[in-house]
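Numbered from 1 within each chain, the chains take letters A, B, ... in sequence-line order. The figures here come from the full heavy-atom set of this structure, side chains too, leaving out hydrogens, waters and symmetry mates. Note that the coordinates shown come from a computational prediction; the quantities given were computed from them, not determined experimentally.
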Amino acid sequence: MADIPKKYKHHDVEDKWRQQWEDWGIYRWDESLPREDTFVVDTPPPTVSGSLHVGHVFSYTHQDLIVRYQRMKGKNIAYPMGWDDNGLPTERRVQNLLGIRCNPHLPYDPEWKPIRKGKKDTSIDEVSRRNFIEACGVVTEEDEQAFEHLWRHLGLSLDWTDQYATIDDHCRKISQLSFLDLVEKGEVYNVESPTMWDIDFKTAVAQAEVEDRPRQGLFFDLRFGVEGGGELLIATTRPELLGACIAVVAHPDDERYQSLFGKFAITPLYGARVPILAAEHADPEKGTGILMVCTFGDAMDVEWWKHSGLALKQIIGRDGKLLPAAMGEAPFESVDADKARKAHDELAGLYVSKAKKRIAELLAEDGSLPGWDGPALVGEPLPTDQMVKYYEKGDRALEFVPTRQWFIRILDHKDELLAQGEKIQWHPDHMKSRYSHWVEGLNQDWCISRQRYFGVPFPVWYDVGTDGEPDFSRPIYAEAASLPVDPLTDTPPGYTEDQRGRVGGFAAEPDVMDTWATSSMTPQIQSHWGVDDERHAKLFPMDIRPQAHDIIRTWAFYTIVKAWMHSGEIPWYHVILSGWILDPDRKKMSKSKGNVVTPDDLLVEYSSDAVRYWAARARLGTDTAFDPGVFKIGKRLSTKIFNASRFVFMQLDRAVDDGGMPGVDQITDPLDLALVDRMRTVIEQATKAFDSFDYATALQVAEDAFWSFCDHYLELVKLRSYAEEDSPGRRSAVAALSWSLRTFLRLLAPFVPFVTDEVWSWRFAADGRPSVHTTSWPTVDEVAAVDAPELDGTYDAAVEVLTAIRGAKTTSQKSLRWPVARLVVAGPERYLKALEPVLDDVLRAGNVDAGGLQLEDGESPEGHRFAIEAELAEEMGE
RNA sequence: AGGCGCGUAGCUCAGUUGGUUAGAGCGCAUCCCUCACACGGAUGAGGCCCGCGGUUCGAGUCCGCGCGCGCCUACCA
């Protein structure tokens with residue numbers, strides 16, 4: 001029998017159990033068991049290039065609480081670890097950390113090694129694509145180790161033997177299989193079309209990655225000429241796009257412009273002749289009610305242009321600078337070509353913001369058309385608040401640039417995707433509306449191609465036509481058996497490497513897939529869809545997808561899209577949404593605000609159990625304030641578990657020595673029966689809560705009961721359990737203590753896994769089932785043999801009298817051990833009856849002289865059962 | 001501008017299908033070293049449950065209208 005330690009030292013205990021769990025391997029998935037015995041988690045793969053954040057600790061703890069409960073319910077847990085390392089965040093981090101940029105035209109340098117640059121070294125080296133990708137691999141591996149360390153420290157019961165990374169061969173293969181399957185099903189296409197484009201990252205982005213940011217803009221009032229005489233006044237915030245103006249439009253019902261429809265306007269400065277047309281999207285209330293359409297100022301321009309049949313005037317390049325357009329030539333015709341070219345020469349090569357300033361000057365100086373007096377710009381520009389689209393990770397506004405991109409058809413399937421959302425259970429339920437609203441509001445197909453490097457390549461080549469250019473209408477797809485492939489180094493079926501880039505040969509698709517194209521496949525990545533049918537059947541659809549609510553429109557949505565397209569199924573039965581951590585000012589915690597606390601510090605200062613406790617108190621979907629006070633409560637709970645267990649085991653040891661192990665069938669004393677009865681309710685409530693993923697309620701129920709157990713029951717039963725001789729009363733007490741503790745440890749094990757397993761190991765660990773985490777969740781059946789209490793309210797009556805006795809001592813500034821000479825308890829008969837069977841325990845706990853007890857019939861005072869009077873003894877006594 | 005959520009003690013939050021006197025912890029005050037625990041314990045003081053109307057015998061809870069906060073969509077003329 002192991003000695004029971006005296007003091008709780010959380011660092012030692014937690015270090016010991018982390019290692020023990022690893023040695024036992026108790027968190028591994030058993031591949032041999034059937035699906036119905038298995039609980040499958042679609043673990044969120046963290047973006048490894050992001051920083052470690054308390055938010056991670058928060059939401060991953062939520063998953064682990066549910067997982068640990070399910071494990072104790074007897075489920076075979078599939079809880080792997082994934083890493084999202086591919087994609088733009090990694091590239092950006094690598095660029096900053098190593099001071100490098102990818103230049104895809106450079107040859108591979110096998111000698112080159114990634115080296116971290118000091119903060120002051122701002123030089124930038126260009127490296128080849130392959131060197132760049134290798135550097136990404138090195139950096140992400142370091143980052144993954146930092147995450148793994150944190151996860152292990154926190155006590156997440158992940159299966160570390162089952163890992164994946166979104167850039168690894170397996171994930172590349174699944175991603176490419178997914179792509180080919182969608183090609184086969186006709187759900188993917190490539191097209192050249194104006195796309196939202198980030199000018200810094202120089203890549204297309206998808207609707208889901210775009211956010212609106214408020215910006216202070218300026219309204220410029222510009223005079224346009226009207227062919228045949230007259231003028232128009234047009235208000236615009238983007239005068240720099242004047243050269244790309246293709247039309248002027250007003251609302252068809254707008255009386256002011258009826259006479260102009262069908263005529264032509266002449267743009268100032270550029271002198272271009274553009275039609276004046278009616279368009280529904282023009283709002284007569286805004287500006288002057290008439291506006292210029294440019295290619296492209298906004299999404300509306302794109303939409304309208306697509307149906308207009310008008311020629312494109314591309315003016316912004318992929319780098320965000322104004323192109324040196326061939327002014328004066330069709331389609332850039334002008335009434336004064338020389339003037340137009342001269343003006344545009346001033347603008348070409350400038351970024352949008354600079355060009356805006358410059359053209360405003362040009363328009364203010366002159367910009368006029370023949371026959372005008374005065375400049376084209378009227379008055380001073382007026383400030384206006386506008387919302388501008390940005391790539392969520394970008395620093396400068398998006399532009400619409402025509403490029404060739406791959407898209408997945410989602411606009412055609414809104415109804416089906418909404419129906420899939422209905423089949424999934426969302427926790428909390430109201431989060432489902434976020435999904436439906438997003439699906440209903442979709443206005444673009446899903447753009448999955450990115451003009452980047454560290455990502456999964458498309459398994460695609462193109463025929464090279466007689467002009468030496470790739471023929472994008474004739475893609476060559478890889479064969480499924482050859483995956484994963486990299487078209488830049490691998491050759492398409494039926495070709496040889498020397499045909500690369502040659503007429504009659506092939507050319508690689510240079511783009512890579514967006515990260516979401518891969519992470520939307522996490523269930524299939526884990527189940528080995530298309531690779532191992534047996535494994536897939538055992539893991540798919542999964543049980544839960546835990547995630548944060550801000551990525552419903554991306555991760556949840558895309559995963560639902562893919563599962564539906566590939567197999568017509570939902571990817572999981574439940575989505576579990578965690579909230580955010582807010583700082584004490586109720587703002588979302590973020591690095592830029594400098595209010596981020598590092599998780600490691602917290603774990604060291606308060607213990608992993610304490611930090612888990614804090615996370616567990618937050619209900620699903622609810623944002624939570626970062627509150628160090630709650631860590632302290634968690635730490636106190638751990639300490640309490642430790643100390644209360646010491647007491648129980650000391651009594652248990654004595655009872656075992658005197659007469660063998662007490663069983664629940666020996667619980668006979670009225671107070672103990674009342675305790676067991678309360679425990680039945682606790683077990684039922686905690687189980688019910690956990691079954692609906694409501695870990696917070698399960699914790700609250702168990703924790704409240706545990707504190708009551710310590711503060712009241714232990715005090716009431718203590719002296720009976722101290723009895724020198726073995727007796728039915730003592731055995732009843734010890735049996736009740738032992739079973740209750742066994743139950744509390746299991747109820748609390750998901751929340752504070754370290755201290756509970758430590759305590760469990762002292763006396764409860766059985767051969768073959770060494771850990772509390774692999775024992776079974778408590779059930780009321782365990783105490784089926786224990787009688788129900790004869791009377792209701794016994795426990796509460798005892799607590800009330802004991803509390804009153806303590807109150808009397810406290811107000812008299814006496815120790816709680818001080819003897820009570822006289823105790824008068826007055827109340828209705830039914831309460832006195834409930835109290836009677838436990839009076840002995842109460843009197844002992846309160847150190848009341850049995851001769852001084854008086855029970856009287858009487859009324860209950862407000863909010864109480866009894867009127868209680870306690871008269872303390874004169875002397876402390878021995 | 002639409003949608004979703006929230007508003008309860010100084011703070012962080014619970015409050016089942018409406019049902020007597022609205023709960024907990026932290027913090028605060030006062031007291032207590034009692035053989036599980038001073039990394040503790042006891043006791044206590046703190047609430048127009050955001051506002052206004054309505055339904056009801058009865059509303060923190062249901063309905064309507066406001067106000068405030070957060071988030072998600074939309075909004076570059």
Side-chain angles (χ1 to χ4, degrees), chain A residues 4 6-10 212-215 217 219-220 234-238 241 248-250 281-283 286-294 296-301 384-389 397-398 428 430-438 440-441 443 549-550 552-553 579-580 582 584 586-588 614 617-619 621-630 632-633 635-636 638-651 685 696-697 700-701 703-704 707 710-711 714-715 718 722 802-818 847 861-864:
Chain A
I4 295 172
K6 278 208 149 149
K7 283 272 179 193
Y8 179 50
K9 291 177 183 152
H10 69 78
D212 291 339
R213 295 184 198 162
R215 198 169 72 172
F219 256 128
F220 298 83
I234 288 194
T236 179
T237 58
R238 301 210 60 179
L241 298 180
V248 166
V249 300
H281 75 268
D283 180 356
K286 262 188 168 177
T288 53
I290 187 160
L291 60 133
M292 64 173 187
V293 177
C294 303
F296 298 95
D298 61 23
M300 211 57 238
D301 287 347
T384 175
D385 294 322
Q386 50 180 186
M387 295 298 278
V388 181
K389 285 187 194 309
L398 292 171
H430 66 80
M431 288 291 179
K432 183 165 68 186
S433 64
R434 299 245 183 132
Y435 174 81
S436 345
H437 286 153
W438 176 252
E440 283 160 8
N443 56 34
H549 55 67
D550 54 335
I552 289 175
R553 68 177 184 172
W580 281 332
L582 308 174
R586 310 258 81 195
K587 295 281 189 295
K588 189 184 172 189
W614 161 74
R617 292 236 312 197
R619 300 182 124 68
T622 308
D623 297 344
T624 297
F626 179 81
D627 182 359
V630 181
K632 289 185 192 160
I633 304 168
K635 198 172 170 186
R636 225 163 50 117
S638 305
T639 309
K640 200 69 175 175
I641 290 170
F642 185 96
N643 287 317
S645 301
R646 287 189 67 221
F647 168 75
V648 171
F649 286 143
M650 282 159 67
Q651 307 313 318
Q685 289 177 346
T697 296
Q700 195 181 339
V701 166
E703 189 194 6
D704 287 353
W707 282 105
C710 293
D711 294 343
L714 287 190
E715 294 304 325
K718 210 178 228 177
Y722 282 157
L802 181 63
T803 300
I805 295 169
R806 287 165 172 169
K809 295 177 183 180
T810 299
T811 43
S812 314
Q813 309 197 348
K814 295 287 191 286
S815 119
L816 292 179
R817 218 174 36 166
W818 200 273
N847 197 12
E862 285 275 303
H864 295 275

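- In this structure, the CG atom of A/D283 is 15 Å from the P atom of B/rA1, given to the nearest Å.
- Regarding contacts with the backbone of B/rU34, a side-chain N or O of A/R817 is found under 4.0 angstrom from either OP1 or OP2.
- Checking the phosphate oxygens (OP1, OP2) of B/rG41, a side-chain nitrogen or oxygen of A/K640 falls inside 4.0 Å.
- Contact annotation: A/T288 does not reach the phosphate of B/rA77 (side-chain N/O to OP1 or OP2, under 4.0 Å).
- The base-pairing partner of B/rU30, taking Watson-Crick or G-U wobble contacts with both distances under 3.5 Å, is B/rA42.
- Using atom P as the reference point in both B/rA59 and B/rG19, the two lie 11 Å apart (nearest Å).
- Regarding A/R619, its CZ atom lies at a distance of 17 Å from the P atom of B/rG5, rounded to whole Å.
- The aromatic rings of A/W614 and A/F626 stand perpendicular to each other, their planes meeting at an angle above 60°, with 30° marking the opposite boundary.
- The aromatic rings of A/F647 and A/Y722 stand perpendicular to each other, their planes meeting at an angle above 60°, with 30° marking the opposite boundary.
- Taking atom P on both nucleotides, B/rA22 is separated from B/rC28 by 26 Å, rounded to a whole Å.
- The CZ-C1' distance, from A/R213 to B/rC75, rounds to 16 Å in whole Å.
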Any N/O pairs under 3.5 Å between the protein and nucleotides 21-31 of chain B? List them or say none.
| unit_1 | atom_1 | unit_2 | atom_2 | d |
| --- | --- | --- | --- | --- |
| B/rU21 | O2 | A/G863 | N | 3.4 |
| B/rU21 | N3 | A/G863 | N | 3.1 |
| B/rC26 | OP1 | A/R636 | NH2 | 2.7 |

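- What separates CG of A/D298 from C1' of B/rC75 is a distance of 10 Å, to the nearest Å.
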